[in-house]
Amino acid sequence: MDIHTHIPVLLNPFVDALCIDRDGHYVDTTFGRGGHARALLSRLSDKGRLLALDRDPQAIAEGERLAADDARFCIRHWSFADLGEALDEVGWCNINGIGFDLGVSSPQLDDASRGFAFGKDGPLDMRMDTSGGKTLAERLQHVGERELARILREYGDERYSGRIARAILRARDESKLMRTSELENVCFHAAPRQARYGRTHPATRTFQALRIWVNDEMGQLEAGIKGAMDRLASGGRLAVISFHSGEDRRVRDLIEARVHPCTCPPQFPVCVCGKTPDMRWVQKKPLRSSEDECNRNPRSRTARLRIAEKLQ
Ligand SMILES: C[S@@+](CC[C@H](N)C(=O)[O-])C[C@H]1O[C@@H](n2cnc3c(N)ncnc32)[C@H](O)[C@@H]1O
């Protein structure tokens, strides 16, 4: 695949969910290579506006080319965790739809120099924002075994988190861990023999977990989704595509806390906490990609789309 391409996942359901007013103001918080953004723009009138964000300077460069051609579109190098500040900067208040397409883009995964993927040798970097922050190699210098095992378990659902964490730190201490190929090799040999040749490579979950850690993806997600729900106009839509179960559960819980915010014990006959819903589910059970889409784009296999609407 050309390293500059990204096939947008769940394209029509995502755009259908968001785009409820042709003249509205929308935010694509994860521009990537602009597949969703271009489809959104194709549904907007001359009055409609789209702001896009991304943490990755390469995505911003691509977005700036689009902005030069389309006056309805602008892009900013902001994290979606700072959505409120980005909206204040452009002076927008009532947003009709905010979309998140979480995780990494194909160009990020396919570019070995970014260090996101195994099977391609590169430096241990994994930062989405290459303009700042600590690389994976730098973070690994200061992490302890228990903490690393927790990261692998929590963010990667890794069964062998303890043995893999121990092996990673041993390789680090022997200065044998500088490249993604070395990390892949450490994971392979740390996994028990029977787990080495299964359907998924033994390094898959570790790479996912370390990427989530390096980019503080769960913290960013929480701030981003809460910020989005705060800034939607009445009737405005939130659409979120996630790619692994931990991420999807967090998205569900963050929205659910606004759909059913009452904290009164169930035996209370009436609510006394006074917390009222300000969101409703449009699509609580996540939408999945069709078999056809999964065949055309294997990265869509784990995608889940949840949709909610602002009430007041
Ligand atoms: C799956 S890709 C999006 C692809 C895009 N929808 C398209 O059609 O081309 C995810 C993008 O989100 C960006 N990203 C991840 N976390 C982010 C964050 N906290 N703030 C802003 N962008 C983020 C990544 O850099 C990546 O470009």
Side-chain angles (χ1 to χ4, degrees), residues 1-15 17-19 26-43 50-66 73-87 89 97-111 114-117 125-133 155 208 211-228 239-244 247-248 250-251 254 289 293 296-305:
M1 186 188 284
D2 174 349
I3 69 161
H4 299 294
T5 60
H6 176 93
I7 307 172
V9 167
L10 288 163
L11 181 64
N12 286 326
F14 184 79
V15 176
L18 282 179
C19 198
Y26 294 89
V27 184
D28 174 357
T29 63
T30 51
F31 179 78
R33 285 301 178 275
H36 288 117
R38 286 184 181 84
L40 269 165
L41 284 165
S42 74
R43 303 269 186 100
L50 175 64
L51 164 68
L53 310 178
D54 207 292
R55 285 171 104 180
D56 186 337
Q58 291 182 6
I60 299 300
E62 170 78 18
E64 279 166 355
R65 282 191 279 278
L66 177 58
F73 174 72
C74 60
I75 186 159
R76 295 287 185 276
H77 187 204
W78 284 82
S79 163
F80 55 60
D82 304 316
L83 177 65
E85 283 158 88
L87 288 172
E89 192 191 90
I98 304 180
F100 294 74
D101 177 17
L102 299 168
V104 273
S105 65
S106 301
Q108 288 169 329
L109 280 173
D110 295 340
D111 180 350
R114 304 293 300 267
F116 282 112
D125 189 327
M126 290 201 189
R127 285 168 307 157
M128 287 184 188
D129 185 352
T130 46
S131 69
Y155 301 154
Q208 173 188 299
R211 190 203 82 211
I212 292 172
W213 176 48
V214 166
N215 295 289
D216 180 28
E217 288 181 39
M218 297 311 259
Q220 298 268 316
L221 177 64
E222 177 154 350
I225 301 281
K226 284 182 175 168
V240 187
I241 299 174
S242 57
F243 287 88
H244 61 87
E247 198 174 59
D248 177 58
R250 194 71 198 114
V251 172
L254 287 164
S289 295
E293 179 173 10
R296 278 185 288 110
N297 181 10
R299 281 178 187 160
S300 68
R301 259 188 224 131
T302 58
R304 297 171 177 90
L305 169 62

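Here, residue 1 is the first one in the sequence, and each next residue gets the next number. The model shown is predicted, which means the values in this text are computed figures rather than measured ones. Ligands are counted one by one from 1 in listed order, and the atoms in each one are counted from 1 as well.
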Cationic N near anionic O, under 4.0 Å, [X] to [Y]:
X      : Y      : value
Arg127 : Asp125 : yes
Arg299 : Asp110 : yes
Arg65  : Glu62  : yes

ring-ring contact (aromatic ring centres under 6.0 Å, His included) involving Phe116 - partner list, sequence neighbours excluded: none
Note, Asn215 side chain near Val104 side chain (heavy atom, < 4.5 Å): no
Proximal protein residues to ligand 1, non-hydrogen atoms under 4.0 angstrom: His6, Pro8, Thr29, Thr30, Phe31, Gly32, Arg33, Gly34, Gly35, His36, Asp54, Arg55, Asp56, Trp78, Ser79, Phe80, Asp101, Leu102, Gly103, Val104, Ser105, Gln108, Met128, Gln220
Plane angle bin for His36 and Phe14 - parallel if under 30°, tilted between 30 and 60°, otherwise perpendicular: tilted
